[in-house]
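Everything below concerns the one structure shown next.
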Amino acid sequence: MIVVAGGTGRLGSTVVQRLRQQDHEVRVFSRGMTGEVPPGVDVVHGDVRSAVDLERAVAGAAVVISAVQGFAGPGRGDPRSVDRQGNLNLVRAAGRVGADVVLVSVTHAAPDSPLEIAREKYAAEQGLRDSPIGWTVVRSAAFAELWIELLEQTARRSHRPLVFGRGQTPLWWVSVEDVATEVVRVTLDRSTRGRTVDVVGPEGLGLEGLARRVMVAHGWTGSPRRVPPALLHLGAATIGRAVPTVGRQLRAALAMDALSAEDPAAAHAAAGRRSVDELLAAPRPAG
Ligand SMILES: NC(=O)c1ccc[n+]([C@@H]2O[C@H](COP(=O)([O-])OP(=O)(O)OC[C@H]3O[C@@H](n4cnc5c(N)ncnc54)[C@H](OP(=O)(O)O)[C@@H]3O)[C@@H](O)[C@H]2O)c1
């Protein structure tokens, strides 16, 4: 049995689908707030912040995949309680039944990253590496499809997407389909235990560059609109205090500007993965 925590999310649902296509027994664990589960998949509803819920979820598991995140989305969650503590709970629960863990983390995960989620994911990674169980960490770049959708949403009326911050740091946007391929591969290949696998797309492009590609793909003219760093600081200190999700997103935009601009070591392995332009040219469901 392969348990996918977050198996209803963007990445998790793709992983579940692929595993089912290969006839693996799959169980989805989520709070039941996001997405749907395909037929033939076992479901346990619960929260990674609850040890009791996790105990039910991991019964009989050989591998537990964590594709949860508390950065955004429905319900009350945040990177500290979900991405750090929830994952550490999941590691403990998996350890009790002798299951391996495949943890989906983020590129730039580090204890001193300017990006909160990268610090919390790093703490979860370390908890997993220090545990006695079999582990693989998959560090993924930002999902191209998600960010293209966000830029399109902000452009709706003006046809000029909103870029938060300077948007110049190259981020190696990767297709969620390519991340799912890697997650399924390492789940089934036990020789990847004890390894951290980076998954990035084929091109380093800032958020502003991505916004310009979106505009070209739609035939929109002009330049993206900008929310300058000073306004992000102000927003984080005012509305961001009252609405934690907004504060988190504004701080994340500032942190993205401060991330390292170096090419990731894994960039050489990205050849053949879907490029931003390919994704923009591919037919997509209307929405
Ligand atoms: N999005 C990106 O650009 C990106 C980039 C790099 C890495 N990642 C990582 O990739 C993974 C998947 O991301 P995604 O964008 O596909 O996520 P997503 O679509 O937002 O889905 C998140 C999943 O986690 C579940 N979840 C959230 N909080 C939970 C909780 N407290 N207890 C149990 N389940 C919970 C959600 O289901 P319910 O709402 O039903 O609980 C959902 O199935 C995450 O680990 C994320 O950090 C994402």
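Just so you know, these numbers use all the heavy atoms, side chains as well, and skip hydrogens, waters and symmetry mates. Both ligands and their constituent atoms are indexed starting at 1 by order of listing. In this chain, numbering begins with 1 at the start of the sequence shown.
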Can an N or O of T34 be found at a distance shorter than 3.5 Å from an N or O of ligand 1?
yes
Give a yes/no verdict on whether any heavy atom in A5 is under 4.0 Å from an atom of ligand 1.
no
Counting only nitrogen or oxygen atoms and a 3.5 angstrom limit, does V106 reach ligand 1?
no
Any nitrogen or oxygen of F29 lying under 3.5 Å from a nitrogen or oxygen in ligand 1? Just yes or no.
no
Could you list which atoms of ligand 1 come closer than 4.0 Å to a heavy atom of S105?
7 (C)
Should G32 be listed as contacting ligand 1, given a heavy-atom distance under 4.0 Å as the test?
yes
To check your reading of the model: name the closest protein heavy atom to atom 44 (C) of ligand 1, its residue, and the distance in Å.
V68 O, 3.2 Å
Test salt bridge (charged side-chain N to carboxylate O under 4.0 Å, His left out) applied to R274 and E203, step by step:
CA-CA 10 Å; R274 293 158 181 82; E203 186 183 12; over 6 Å; no
Give yes if a backbone or side-chain nitrogen or oxygen of M33 is under 3.5 Å from a nitrogen or oxygen of ligand 1, and no if not.
yes
Please state which part of L146 comes within less than 4.0 Å of ligand 1, counting heavy atoms only: side chain, backbone, both or neither.
side chain
Do D53 and R56 meet the salt-bridge criterion of a basic N to acidic O distance under 4.0 Å?
yes
When distances are taken from atom 46 (C) of ligand 1, the protein heavy atom at minimum range is Q69 CB, 3.7 Å
Under 3.5 Å, N or O to N or O, is V82 touching ligand 1 that way?
no
Using heavy atoms and a threshold below 4.0 Å, how should the contact between A72 and ligand 1 be classified: side chain, backbone, both, or neither?
neither
Below 3.5 angstrom, do we get any N/O pair linking S140 and ligand 1?
no
Side chain, backbone, both or neither: S81 near ligand 1, heavy atoms under 4.0 Å
neither
Give a yes or no on this: more than 12 heavy atoms of other residues, nucleotides or ligands lie within 6.0 Å of atom CZ of R76.
no
Please check whether F143 reaches ligand 1 - meaning an N/O of the residue sits under 3.5 Å from an N/O of the ligand, judged on distance alone.
yes
G75 near ligand 1, heavy-atom distance under 4.0 Å?
no
Stepwise salt bridge (charged side-chain N to carboxylate O under 4.0 Å, His left out) check, E177 with R18
CA-CA 10 Å; E177 297 288 335; R18 303 266 187 97; 2.8 Å; yes
A student checking ligand 1 against T8 at a 4.0 Å heavy-atom cut-off should list atoms 37 (O), 40 (O), 42 (C), 43 (O)
At a 4.0 Å threshold, what atoms of ligand 1 neighbour a non-hydrogen atom of R49?
31 (N)
Using non-hydrogen atoms of the residue, decide whether S13 is closer than 4.0 angstrom to ligand 1.
no
Does even one non-hydrogen atom of K121 get within less than 4.0 Å of ligand 1?
yes
If the threshold is 4.0 Å, N to carboxylate O, is there a salt bridge linking R212 and E208?
yes
Looking at R119 and D112, does any basic side-chain N land under 4.0 Å from a carboxylate oxygen?
no
Presence of salt bridge, E116 and K121, under 4.0 angstrom:
no
Side-chain ion pair, D47 and R49, N-O less than 4.0 Å:
yes
Ion pair R273/D178, N-O distance below 4.0 Å
no
H159 vs W220 aromatic rings, parallel, tilted or perpendicular, using cut-offs 30° and 60°?
parallel
How long is the span from the CZ atom in R248 to the CZ atom in R251, to the nearest 0.5 Å?
7.5 Å
Can any side-chain N or O of S66 pair as donor or acceptor with the backbone N or O of L103 at less than 3.5 Å?
no
